[in-house]
Amino acid sequence: QVQLVESGGGLVQAGGSLRLSCEASGRTLDTYAMGWFRQAPGKEREFVAAISGSGGTTRYTDSVKGRFTISRDNAKNTLYLQMNSLKPEDTAVYYCASVNRWKGVVITTEALYDYWGRGTQVTVSS
């Protein structure tokens, strides 16, 4: 059983930066693939970034490539999303997620994730 708690969301001006964190608890002896998703008002939740259990492999949706960086600190049980050059279209609730099976791959499909945080709001003003 894993609990995930996101933090770091807020209001930022277009072109600014923000770093999201996701702290995991309840699973301390092993690490699995994790990812970030987001959901804007009136839209379905979409994939943003994913990372393997060791942090050695990452994957991003095209709209954030070159601007966002996903990373993890397994010693702290924490997942990060560094967001630079933010745009108004990045406005959404951001969720972190974890699987409980795969380690050496990145997972981009929402249905394959087992645990989810409650989300943190990111608002980018123009």
Side-chain angles (χ1 to χ4, degrees):
Q1 190 70 27
V2 174
Q3 295 81 46
L4 304 175
V5 180
E6 303 95 338
S7 63
L11 176 64
V12 64
Q13 193 171 356
S17 298
L18 211 58
R19 189 181 76 161
L20 305 183
S21 298
C22 173
E23 186 172 1
S25 62
R27 187 182 68 199
T28 59
L29 299 180
D30 213 345
T31 57
Y32 295 91
M34 298 183 71
W36 287 97
F37 291 76
R38 66 186 181 187
Q39 186 170 28
K43 296 183 178 181
E44 295 183 345
R45 187 155 57 187
E46 66 173 344
F47 166 75
V48 176
I51 190 168
S52 61
S54 68
T57 306
T58 60
R59 178 77 172 181
Y60 302 90
T61 190
D62 287 343
S63 64
V64 307
K65 287 181 179 178
R67 299 189 298 120
F68 290 11
T69 302
I70 187 171
S71 62
R72 65 193 299 164
D73 186 339
N74 289 337
K76 297 181 178 179
N77 297 315
T78 303
L79 177 73
Y80 302 99
L81 184 67
Q82 179 66 48
M83 304 183 293
N84 298 325
S85 301
L86 283 163
K87 305 175 181 179
E89 48 264 46
D90 294 318
T91 295
V93 176
Y94 283 71
Y95 300 88
C96 68
S98 177
V99 302
N100 65 0
R101 287 161 286 180
W102 300 280
K103 297 181 180 179
V105 297
V106 290
I107 305 298
T108 62
T109 302
E110 179 178 343
L112 296 181
Y113 280 90
D114 300 291
Y115 307 106
W116 293 84
R118 298 190 67 181
T120 184
Q121 177 71 48
V122 172
T123 302
V124 184
S125 62
S126 59

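For the numbers below, each heavy atom of this structure counts, side chains included, while hydrogens, waters and symmetry mates do not. The first residue in the sequence is number 1, and the count goes up from there. Not measured: the values here are computed from a predicted model.
With contacts defined as side-chain heavy-atom distances shorter than 4.5 Å, the pair R45/W116 qualifies. You'll find the side chain of N100 stays beyond 4.5 Å of the side chain of V2, heavy atoms only. You'll find the side chain of E6 stays beyond 4.5 Å of the side chain of Y94, heavy atoms only. The closest side-chain heavy-atom distance from M83 to V122 is below 4.5 Å. With a 4.5 Å cut-off on side-chain heavy atoms, L79 and I70 count as touching. Residues Y32 and D114 have side chains not in contact (no heavy-atom distance under 4.5 Å, counting atoms from C-beta outward).
The backbone N or O of T91 sits nowhere less than 3.5 Å from a side-chain atom of T123 that would complete a donor-acceptor pair. A donor-acceptor pair under 3.5 Å is formed between the side chain of N74 and the backbone N or O of G53. For the pair R72 (side chain) and G55 (backbone), a donor-acceptor distance under 3.5 Å is absent.
With respect to E46 and R38, a salt bridge is recorded, a charged nitrogen being found less than 4.0 Å from a carboxylate O.
Crowding of Q82 atom CD: a count of heavy atoms from other residues, nucleotides or ligands under 6.0 Å exceeding 12. Residue K65 qualifies as enclosed at atom NZ: its count of foreign heavy atoms under 6.0 Å is above 12. R59 CZ: 12 or fewer foreign heavy atoms inside a 6.0 Å radius.
Hydrophobic cluster membership differs between V106 and L4, with clusters built from Ile, Leu, Val, Met, Phe, Trp and Tyr side chains linked at under 4.5 angstrom.
Ring geometry for F37 against F47 counts as perpendicular: the plane angle is over 60°, on a 0 to 90° scale with 30° as the lower cut.
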